[in-house]
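Everything numeric in this text was worked out from a predicted model, so none of it was measured. Every chain is numbered from 1 and lettered A, B, ... according to where its sequence line falls, protein lines coming before strand lines.
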Amino acid sequence: MTTVVWWVRRDLRLHDNQALAAALTRARELVPLFVLDPALLAGPTSSQRRNAFLFAALRSLDAALRRRGSRLIVRAGRPEQVLPTVVRESGATLVMAEADGSPYARRRDEAVARSVPLQLVEGSTLRPLGSIRAPTGEPYRVYSQFRRAWFRLPIPSPQDILPAPPRLPPVPRLASEPIPESPLAVPERFAPSEDAARQRLQHFLAQGLASYHLRRNALDGSGSSQLSPYFRFGLLSVREAWCAAARYLDEPDAAAGARAWLDELLWREFYQHLLAAWPESARMSMQPEFRDVAWPGSNDALARWQEGRTGFPVVDAAMRQLVSEGWMSNRARMIVASFLSKLLLVDWREGERFFRRELVDGDLAANVGGWQWSAGTGTDAAPYFRIFNPVLQGEQHDPNGSWVRTWLPELANVPREYLFAPWRMPIEVQLRAGCRIGHDYPAPIVEYESARARALEWFRSVRQAQS
DNA sequence: TAAAAGTTAAG
DNA sequence: TTAACTTTT
Ligand SMILES: Cc1cc2nc3c(=O)[nH]c(=O)nc-3n(C[C@H](O)[C@H](O)[C@H](O)COP(=O)(O)OP(=O)(O)OC[C@H]3O[C@@H](n4cnc5c(N)ncnc54)[C@H](O)[C@@H]3O)c2cc1C
């Protein structure tokens with residue numbers, strides 16, 4: 001009788017799960033195990049928002065397991081203590097898990113592997129971390145080069161996709177702790193189940209993919225798939241999503257959208273590989289000249305950005321959506337990241353930390369990648385002079401203003417022509433709109449033109465000081 | 001997946 | 001005067 005532990009971490013799914021499939025080839029008994037790790041659930045990088053989603057997703061995974069004759073075993077504690085206990089209690093001879101390239105996960109897995117027979121299997125990325133390298137053996141630091149190399153290797157094929165097992169082996173008698181209740185609600189936008197993830201993918205492929213390249217920048221997020229929390233926790237396999245979207249490359253009407261979307265999956269892939277290759281990039285700028293500089297931005301500026309009270313409607317709407325829903329569109333993320341790191345000159349790591357606390361899809365690799373790109377400190381980043389103008393961005397990507405009004409009710413009656421720059425309202429318009437600047441809605445925290453000039457000057461001086 | 005400033009030329 | 005295009009930050 002072979003008993004195998006399937007250690008679930010960021011792969012809360014039964015479809016196309018390579019770790020589960022590998023476990024099943026050996027198992028007469030299977031122990032689906034989730035460890036409530038205090039370092040992740042309550043540590044400095046934890047997030048109530050993500051915990052809420054995770055706990056709910058664990059409940060639906062447990063239900064799906066039960067429908068197949070299995071169940072989820074839940075244990076709280078440090079993995080290097082819990083795993084040996086469960087292995088001993090169950091008599092398991094093998095622990096299978098999906099590899100996770102984040103720095104903490106790698107340390108954790110090394111520690112666990114010292115006391116139990118742990119085997120890691122791919123699945124969180126399209127290709128194994130560390131497998132995309134230049135001829136010199138160096139990992140790529142530039143996206144376009146990474147992408148070119150990636151396409152030279154065999155791409156995922158629909159034949160590789162693993163179906164969900166219809167039945168699962170029995171679970172040995174083992175105690176299980178309850179899945180915690182979260183004090184925070186799961187955002188309504190993201191139903192926490194594998195079925196919901198799969199339905200959303202199908203819906204996006206049918207309704208959104210063909211126009212993705214045209215609509216992806218909409219500030220309200222209506223033009224993108226909104227699958228990020230599902231990829232974050234592995235309720236959906238990226239490999240399966242890739243193959244599903246790649247089928248549309250041959251359809252003339254959908255090819256351009258499909259290409260653009262697959263490209264975003266590759267950005268995800270790039271950042272996962274980048275963090276695995278340079279774990280220190282989570283804590284320091286990739287460009288050395290930024291490592292020892294003090295960013296001049298103030299704590300007060302940071303606080304006003306976090307609270308959505310900068311006086312720039314596009315920025316404030318985004319920050320309020322972030323805190324309220326735990327999600328915002330890629331366009332909104334780029335704008336507020338550019339605003340904090342360039343117009344306010346606050347260290348990008350402060351923004352990264354705040355995002356990581358609030359985002360339901362918060363992921364170290366993608367978040368650090370996005371922030372270093374936005375702040376211009378990454379190896380393949382936006383150049384320092386690429387500064388978003390929040391007024392123009394609103395005009396372009398929320399043209400009828402409905403997204404800004406959704407998140408800033410105090411601007412409900414502000415005329416459209418002033419919506420993205422309400423400080424330009426003459427006083428009588430302010431009174432008529434019931435929105436006095438500095439009273440009902442903040443005056444702008446900076447004057448855009450001079451903040452832009454200050455940013456250009458500061459970035460230029462940092463670069464010059466080094467060279 | 002930037003925006004401003006500068007240049008040119010049609011009207 | 002302004003749209004289109006190029007250069008600069
Ligand atoms: C400053 C900043 C911070 C970010 N932090 C995160 C984060 O913590 N977690 C996260 O998942 N994404 C992050 N992103 C990337 C991106 O904004 C989100 O993945 C995307 O908005 C999610 O929406 P979607 O699922 O509708 O994306 P779609 O446009 O439908 O893309 C499909 C999937 O591709 C991946 N993806 C898309 N764009 C990117 C990208 N630029 N980088 C990496 N992966 C991408 C996501 O998994 C996404 O679900 C960040 C971007 C920026 C600029």
- prompt: Which of these, A:Glu358, A:Glu410, A:Glu307, A:Glu325, sits in a salt bridge (Lys or Arg N to Asp or Glu O under 4.0 Å) with A:Arg320?
  reply: A:Glu410
Identify whether any heavy atom of [X] sits under 4.0 Å from a base atom; if not, whether one sits that close to sugar-phosphate; answer base, sugar-phosphate or nothing.
X	result
A:Tyr143	nothing
A:Arg460	nothing
A:Asn330	base

What is the separation between atom [atom1] on [X] and atom [atom2] on [N], rounded to the nearest whole Å?
X	N	atom1	atom2	result
A:Asn389	B:dT1	CG	P	15 Å
A:Lys342	B:dA4	NZ	P	14 Å
A:Leu456	C:dT8	CG	C1'	10 Å
A:Phe459	C:dT8	CZ	C1'	18 Å
A:Glu449	B:dA5	CD	C1'	11 Å
A:Tyr384	B:dT1	OH	C1'	19 Å
A:Phe270	B:dT1	CZ	C1'	14 Å
A:Phe388	C:dT9	CZ	C1'	15 Å

- prompt: Are A:Ser193 and A:Asp195 linked by a side-chain donor-acceptor pair shorter than 3.5 Å?
  reply: no
- prompt: Do A:Asp263 and A:Tyr212 have side-chain atoms, one donor and one acceptor, less than 3.5 Å apart?
  reply: no
message: Looking at B:dA3, I'd like to know if its phosphate oxygens (OP1 or OP2) sit under 4.0 Å from a side-chain N or O belonging to A:Gln393.
response: yes
Kindly point out which of [options] is positioned nearest to the side chain of [X]?
X	options	answer
A:Phe385	C:dT9, B:dA4, B:dT1	C:dT9
A:Arg216	B:dA4, C:dT9, B:dT1	B:dT1
A:Arg386	B:dA4, B:dA2, B:dT1	B:dA2
A:Arg331	B:dT1, C:dT9, B:dA4	B:dT1

message: What I'd like to find out is whether the side chain of A:Asp11 reaches to under 4.5 Å of the side chain of A:Leu20, using heavy atoms alone.
response: no
field: Cationic tip of A:Arg259 above A:Trp261 ring, under 6.0 Å, 45° of axis
entry: no
